[in-house]
Amino acid sequence: VSTQSTGKTEWINAINQQIANILHCGSLKKWTNVIKGWQQRFFILYKDRLCYYLNEDSVGMRRGTIYLVNRKVSVTRSGTRFGFDVISADTNTTWYLKGTSEDEVQIWTSKIYNRKLLNIAQLGDEPGLDTRAA
């Protein structure tokens with residue numbers, strides 16, 4: 001087996017592993033700042049993190065990551081219509097997100113929350129998990 005074909009095999013295996021770790025994906029609006037306001041972003045929920053990208057075509061160039069393992073992360077409903085917040089107490093960062101419907105918000109928040117609970121169960125108890133409704 002040549003080195004080139006071994007490299008391709010390793011690359012394909014790495015891609016397949018990434019795909020296997022995807023739990024949910026889709027577009028949400030993310031609050032960027034006061035001037036630009038709400039901007040459409042593409043999100044992928046993996047087993048251990050939530051990543052976002054400029055759009056679906058730019059998945060190779062991650063804009064940000066919210067880690068869900070060994071972190072104090074909470075998911076709360078915001079006062080914004082179809083809005084929810086993901087808060088990291090470890091980094092003192094809040095990501096303001098918004099879906100297009102109540103059903104979409106429910107899917108995202110429950111998947112993030114359930115992923116966080118599974119990570120806690122696998123790693124031991126963790127204080128600070130919060131799923132309060134606004």
Nearest-0.5 Å distance that lies between atom NE2 in H24 and atom CG in N114: 12.5 Å
Intermediate values then yes/no, side-chain contact (heavy atoms from CB on, under 4.5 Å), F84 and Y96: CA-CA 6 Å; F84 65 100; Y96 304 99; over 6 Å; no
Short side-chain to backbone donor-acceptor contact, R41 and S27, under 3.5 Å: no
Shortest non-hydrogen separation from C51 to T65 and the atoms involved: SG-OG1, 3.8 Å
Path from L97 to L23 over hydrophobic side-chain contacts below 4.5 Å: yes
Check: T91 main-chain N/O paired with T93 side-chain donor or acceptor under 3.5 Å: yes
Salt-bridge contact E102-R77 (side-chain N to carboxylate O under 4.0 Å): yes
Minimum-distance pair of heavy atoms, taken over all atoms of S78 and D85: CB-OD1, 3.5 Å
CG on N55 to CD on Q40, rounded to 0.5 Å: 10.0 Å
Gap separating the CD atom of Q106 from the OG atom of S101, nearest 0.5 angstrom: 10.5 Å
Linked, directly or transitively: L68 and Y53 (ILVMFWY side chains, under 4.5 Å): no
Can you give the donor-acceptor pairs under 3.5 Å from side chains of residues 28-36 to other protein atoms, not counting sequence neighbours?
residue : atom : partner : partner atom : Å
T32     : OG1  : G37     : O            : 2.8
N33     : OD1  : I35     : N            : 3.0
N33     : OD1  : K36     : N            : 2.7

Counterpart residues, ring-ring contact (aromatic ring centres under 6.0 Å, His included), relative to F82 (two or more places apart): none
Linked, directly or transitively: L45 and I107 (ILVMFWY side chains, under 4.5 Å): no
Exercise: identify the closest heavy-atom pair between W108 and G26: CZ2-N, 3.6 Å
Modelled atom types, side-chain donor and acceptor of T100 and E104, under 3.5 Å: yes
Trace of the side-chain contact (heavy atoms from CB on, under 4.5 Å) decision for F42 with L54: CA-CA 6 Å; F42 186 75; L54 186 61; over 6 Å; no
Working for side-chain contact (heavy atoms from CB on, under 4.5 Å), residues T94 and V86: CA-CA 6 Å; T94 301; V86 179; over 6 Å; no
Same apolar cluster: Y67 and I44, side chain cutoff 4.5 Å: no
Hydrophobic cluster identity match, Y52 and V75, side-chain contacts under 4.5 Å: yes
